[in-house]
Asks: 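Shown below is the structure under consideration.
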Amino acid sequence: MSKPETTRVEPAALQADFDAGLFELTHENVERWLREEDDARLAKLYAAADRVRREHVGQPVHLRGLIEISNHCVRQCAYCGLRQGREGLQRYRMSADEIIACAHEAVRFGFGTVVLQAGEDYGLTREFIAGIVRQIKAETPLAVTLSLGERPEADLKAWRAAGADRYLLRIETSDPLLYAQIHPPLKHQPDTPRAESAFEVPRVGILRTLRHIGYEIGSGVMIGIPGQSYAMLARDILLFRSLDLDMIGVGPYIAHPETPLGQTTSPLSEHDQVPNTERMTYKVLALTRLACPEANLPSTTALATLNRKTGRELGLSRGANIVMPNLTPVEYRAMYEIYPAKACIAETAECCRHCLTMRIRSLGRPIGAGTGGRQRT
Ligand code: SAH
């Protein structure tokens, strides 16, 4: 596998650009970078992100094994293929034995972390998840990351007490109006934490709670949601910094034809609407690295879905330091269809591991050892 094409930027010239304040993240600068279309200038942005990544989180690429443990969901998110009420989707929930077997596979493959992700599924009870976390922590050296949606505080506390290390909850967008349109609240919401003001989205309140409970916290947004403007996306990136996130996942929004949002067009003009393109994803990834030098940033599957050949590598060269090989048993993969034509859907866990390892080696970067948690410098 060959190294993807990247334009070389001389270190001295790059330093001069840093000194000139080109990468200072004022709202105005961030929005200007998001609108930048000149390849030579974008090469500088990518080189700056790559330098900051190297200086703050180093060369290793950490592997997080993703286990998609259930596709049941009580929510009706307008963008997501797992939304409640979607017809024709067969639902599954993995057994404890199946999940634990995947965790042991992660250890055999040399991964430092497993990520348990699902729709918001109350069939995954507080006790069930706590038991799984306890068993993984007792039987393996893995860090455990949970990504199970907006659960009541008592659940989040019980899982942390059982040993869970990290929690991922993307805000999807920081704009309260757009958020309310794409992510309606549950009718009979159990006691989940709330936003502190009308100016922030409810998931920000939950992230603060998670940090208070003692988790490393991860969030992120989708790029190019219909109705998402450049100004909103610039505010998202600046919010990542003010929340001091430990992990940030950004990927393109991919329309799912069997969802309400997948059937709508943007109300914004072409001038204001952020495109859901591969290039925009690199810009956001690079700006996110500049905003949050120490954070762990994955090169996402959604990005690889737009460019199967070199998307992962380009993400790793433009700010990312994490990849998440899929450990979900093949019989369930296609059912975890948050968006269509997801990359790697038919691969076995062994194939995913092999392919991603080769891609990382082609960049001359080592696989990270240990659990790869946030290092504060
Ligand atoms: N139920 C959990 C996990 C959701 S799936 C939760 O809500 O947090 C994980 C992520 O997939 C979501 O946070 C969202 O950012 C992303 N996703 C969902 N639908 C998508 C789509 N159509 N295009 C791109 N990403 C999508």
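Note that ligands are numbered from 1 as they come in the structure, with each ligand's atoms numbered from 1 the same way.
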Asks: So for ligand 1, is R203 a polar contact partner (N or O within less than 3.5 Å, distance only)?
Replies: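 N/O-N/O distance under 3.5 Å: yes.
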Asks: Walk me through whether R374 and E294 qualify under salt bridge (charged side-chain N to carboxylate O under 4.0 Å, His left out).
Replies: CA-CA 7 Å; R374 159 96 179 257; E294 295 176 359; 2.9 Å; yes
Asks: Of the listed options (G251, G224, P252), which comes nearest to atom 24 (C) of ligand 1 when hydrogens are ignored and any heavy atom counts?
Replies: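 When every heavy atom of G251, G224, P252 is considered, P252 comes closest to atom 24 (C) of ligand 1.
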Asks: Under 4.0 Å from a heavy atom of A118: which atoms of ligand 1 are those, numbered in the order shown and with their elements?
Replies: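 So the answer, numbered in order with elements, is 1 (N), 2 (C), 3 (C).
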Asks: Should K342 and E337 count as an ion pair when the cut-off is N to O under 4.0 Å?
Replies: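 Answer for the salt bridge query: no.
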Asks: Compute both the distance and the angle, then confirm whether R353 meets the cation-pi test with F111: under 6.0 Å from the six-membered ring centre, within 45 degrees of the axis.
Replies: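 That pair does not qualify as a cation-pi contact.
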Asks: Quick check: does any side chain N or O of N71 sit under 3.5 Å from a backbone N or O of M335, one acting as donor and the other as acceptor?
Replies: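 Between the backbone of M335 and the side chain of N71 there is a qualifying donor-acceptor contact (under 3.5 Å).
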Asks: Number the atoms of ligand 1 from 1 as they appear, then name those within less than 4.0 Å of a heavy atom of G119, with their elements.
Replies: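 Answer for ligand 1: 1 (N).
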Asks: In terms of residue, atom name and distance, what is the protein heavy atom nearest to atom 23 (N) of ligand 1?
Replies: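 Result for atom 23 (N) of ligand 1: I254 N, 2.9 Å.
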Asks: I want to know if ligand 1 touches M222 in the polar sense, i.e. an N/O pair below 3.5 angstrom.
Replies: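 It does not: no N or O of M222 is found under 3.5 Å from an N or O of ligand 1.
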Asks: Look at atom 14 (C) of ligand 1 and find which of K342, H183, E172, H256 reaches it with the closest heavy atom.
Replies: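 Selected option, by shortest heavy-atom distance: E172.
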Asks: Does the R166 side chain pair with the main chain of T145, one donor and one acceptor, at a distance under 3.5 Å?
Replies: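 Pair absent, no side-chain N/O of R166 close to backbone of T145.
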Asks: When the ring planes of Y215 and Y167 are compared, do they come out parallel, tilted or perpendicular, using 30° and 60° as the limits?
Replies: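 Taking Y167 first and then Y215, their aromatic rings stand perpendicular (interplane angle over 60°).
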Asks: Who's the nearest protein heavy-atom neighbour of atom 19 (N) of ligand 1, and how far?
Replies: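 The closest heavy atom on the protein side is Y79 CD1, 3.4 Å.
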Asks: Atoms of ligand 1 less than 4.0 Å from C80 heavy atoms?
Replies: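 Numbered from 1, ligand 1 contributes 19 (N).
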Asks: Which one of R75, R93, R151 satisfies the side chain to side chain donor-acceptor pair (under 3.5 Å) criterion with D121?
Replies: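 Single side chain to side chain donor-acceptor pair (under 3.5 Å) partner of D121 among R75, R93, R151: R93.
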Asks: Would you indicate which of R170, E68, E337, Q117 comes nearest to atom 16 (C) of ligand 1 when only heavy atoms are counted?
Replies: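 Closest candidate by heavy-atom distance is R170.
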Asks: Can you pull out the closest protein heavy atom to atom 11 (O) of ligand 1? Residue, atom name and distance to 0.1 Å, please.
Replies: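 It is I338 CD1, 3.5 Å.
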Asks: Over 60° means perpendicular and under 30° means parallel, so classify the ring planes of Y46 and Y282, tilted if in between.
Replies: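 Ring orientation of Y282 relative to Y46: perpendicular.
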